[in-house]
Amino acid sequence: MRIGWIRLTAAALALPALGALVGAWLLTAWADTLPDPVAVHFGPSGAADGFASLGVARASLLLGPLVAVLMVLLTGAWTRRDARTARPAVAVSSGVGTFITAVVLFATMPQRGLADAAAAQLAWWSIPAAALVGVLAAVLAAAVVPRVETQPVTTAPPPDAARVDLAAGERLAWLGTGRMPVLGTLAVALIPLGVAILLAVALPWSGGALVALALVALTGVVVTVLAAAPVEARADSTGVTVRSMFTLRPIRVPLDDIVRADVGPVRGIHRFSFGYRIVPDGVLVNVRPGDALIVTRAGGSRLLVTVDDAAQGAAAINALAARARP
Amino acid sequence: MLIRIDPNADAPLFEQIAASVRRAIADGSATPGTRLPGARELAESLDLNVHTVLRGYQVLRDEGLIELRRGRGAVVATGAGERGALRSAVLAYVAAARRFGLSAPEAARLVEEEMS
């Protein structure tokens, strides 16, 4: 199932555009108290090192909506406008776009009352506050994307989809887990830490900025470790449930929404990425190299999960789906 | 790990659960350290009473195939593969002995003779 380009773009654009409008209005209202030119770029120590006229600063608010539109159009093309992945795509685009607009605003705000922008300092709170606004925008945008409603599938999985033999009253439950080797998890957790250490050594940082850098690095480590957290897939007569710490809520696919289940390799560039991924036609939860359980849903969306024993899982799902559809 | 139960079969339900886990251990789809589904979750999936699942798990624990740990749930025990294979062989032998009409002492005597 596909979502329209206009709807997709509008959902991602609304909040960054609103942010840019409010920002432009505020910058105009503050025009008398702001220095002109204003500081628009800051070094790692937080000291201003780039300047532009107030008009350019106001125009740079447009960067947010522009980035949001570009991101959502790219993800739309990448996922072929798959309706189920529209929600995370819109959330991330809207969040990043609003974050950029908020950064411009929060970097300019403390310059009110300054005679010369050269004395401007980036406030320690500006980036975290902008990030918070971005997260809020992402949550809000996700909430307005409509849920995908599909008709229950009434035909059994095709004969080429493997099935386990099932007696008339027999009940099945299948559980598959996938985990990254501990060394792999350690290696990916070291990436954000390594980048942060390199940056800390290479550039002159002020104390406050260094704390901010450490916080960003720590967040990076937590996110990468969570992305590499084990994933668990369960199949029974209600459908398929995928749990991982990274997705917070379990991903549930009702049995009557499943067209077929297969096992196969993860193809394309996202084979080398891990965690919760938006991929063409659906979602991939990738925690280790190797084969994945592939669940094809009504409307053509797919859910891929790299769990062990996926062949047996696929056969169990196909058998349960076939029995539920006379 | 595939757990299957058939309420119409003769074997009790808890024994069918234990048999499914034994099969998974024997065919290598459950290796030492593999976590078994949570008892409540599995009971929900199979539409069973949670005590039936727990009883199945207790049978497996008594056979030394799994370890039940508070907080961590049921985990396939170290060395379970070999124990599982032995257990499967014993079950196959018992079934064959019954087919031939041997009593338990007679079947045991055959084993004793082979091992002496």
Side-chain angles (χ1 to χ4, degrees), chain A residues 162-182 229-245 250 252-255 258 261 263 287-288 290-291 293 305 307-324, chain B residues 1-57 60 65-66 68 71-76 80-81 84:
Chain A
R163 292 180 200 175
V164 296
D165 293 324
L166 208 53
E170 200 176 4
R171 301 176 200 163
L172 283 189
W174 170 82
L175 184 95
T177 49
R179 61 181 67 239
M180 186 177 275
V182 176
V231 62
E232 193 180 281
R234 179 157 67 113
D236 56 33
S237 57
T238 64
V240 175
T241 312
V242 175
R243 280 169 217 274
S244 127
M245 268 201 277
R252 287 183 208 280
V253 184
L255 192 64
I258 295 173
V263 58
V287 295
R288 58 143 175 78
D291 280 351
L293 171 69
V305 194
V307 284
D308 300 338
D309 202 20
Q312 206 174 36
I317 296 165
N318 289 327
L320 287 165
R323 184 168 65 183
Chain B
M1 186 185 304
L2 186 62
I3 314 269
R4 30 200 324 171
I5 57 150
D6 186 350
N8 301 322
D10 294 333
L13 294 173
F14 72 88
E15 181 48 47
Q16 293 187 39
I17 290 173
S20 289
V21 177
R22 273 187 219 116
R23 197 163 42 231
I25 292 171
D27 72 17
S29 61
T31 49
T34 303
R35 212 164 63 85
L36 263 56
R40 194 172 302 144
E41 251 184 307
L42 188 58
E44 228 172 74
S45 284
L46 295 172
D47 197 14
L48 292 177
N49 190 304
V50 68
H51 296 290
T52 312
V53 176
L54 284 173
R55 194 161 164 207
Y57 281 7
L60 293 164
L65 293 179
I66 65 167
L68 293 175
R72 264 200 76 194
V75 180
V76 176

Between A/T177 and B/R35, a side-chain donor and acceptor under 3.5 Å: no
Heavy-atom contact with chain B under 4.5 Å, split by part of A/R179: neither
Which residues from residues 7-18 of chain B are near chain A, with near meaning under 4.5 Å between non-hydrogen atoms? B/P7, B/N8
Structural part of A/D308 lying under 4.5 Å from a heavy atom of chain B: neither
Measuring from B/E41:CD to A/D236:CG, what's the distance to the nearest 0.5 Å? 9.0 Å
List the atom of A/R171, the atom of B/D47, and the distance in Å for their closest heavy-atom pair. NH1-O, 3.0 Å
List, one per line, each side-chain donor-acceptor pair under 3.5 Å for residues 315-323 of chain A, sequence neighbours excluded.
unit_1: A/N318; atom_1: OD1; unit_2: A/A261; atom_2: N; d: 2.8
unit_1: A/N318; atom_1: ND2; unit_2: A/A162; atom_2: O; d: 2.9
unit_1: A/N318; atom_1: ND2; unit_2: A/A261; atom_2: O; d: 2.8
unit_1: A/N318; atom_1: ND2; unit_2: A/A314; atom_2: O; d: 3.2
unit_1: A/R323; atom_1: NH1; unit_2: A/A167; atom_2: O; d: 3.3
unit_1: A/R323; atom_1: NH1; unit_2: A/A168; atom_2: O; d: 3.1
unit_1: A/R323; atom_1: NH1; unit_2: A/E170; atom_2: O; d: 2.8
unit_1: A/R323; atom_1: NH2; unit_2: A/E170; atom_2: O; d: 2.8

Residue selection (most heavy-atom pairs with chain A, distance under 4.5 Å) from B/L2, B/D6, B/T34: B/L2
With heavy-atom distances below 4.5 Å as the criterion, would you say the side chains of A/R234 and B/S45 are in contact? yes
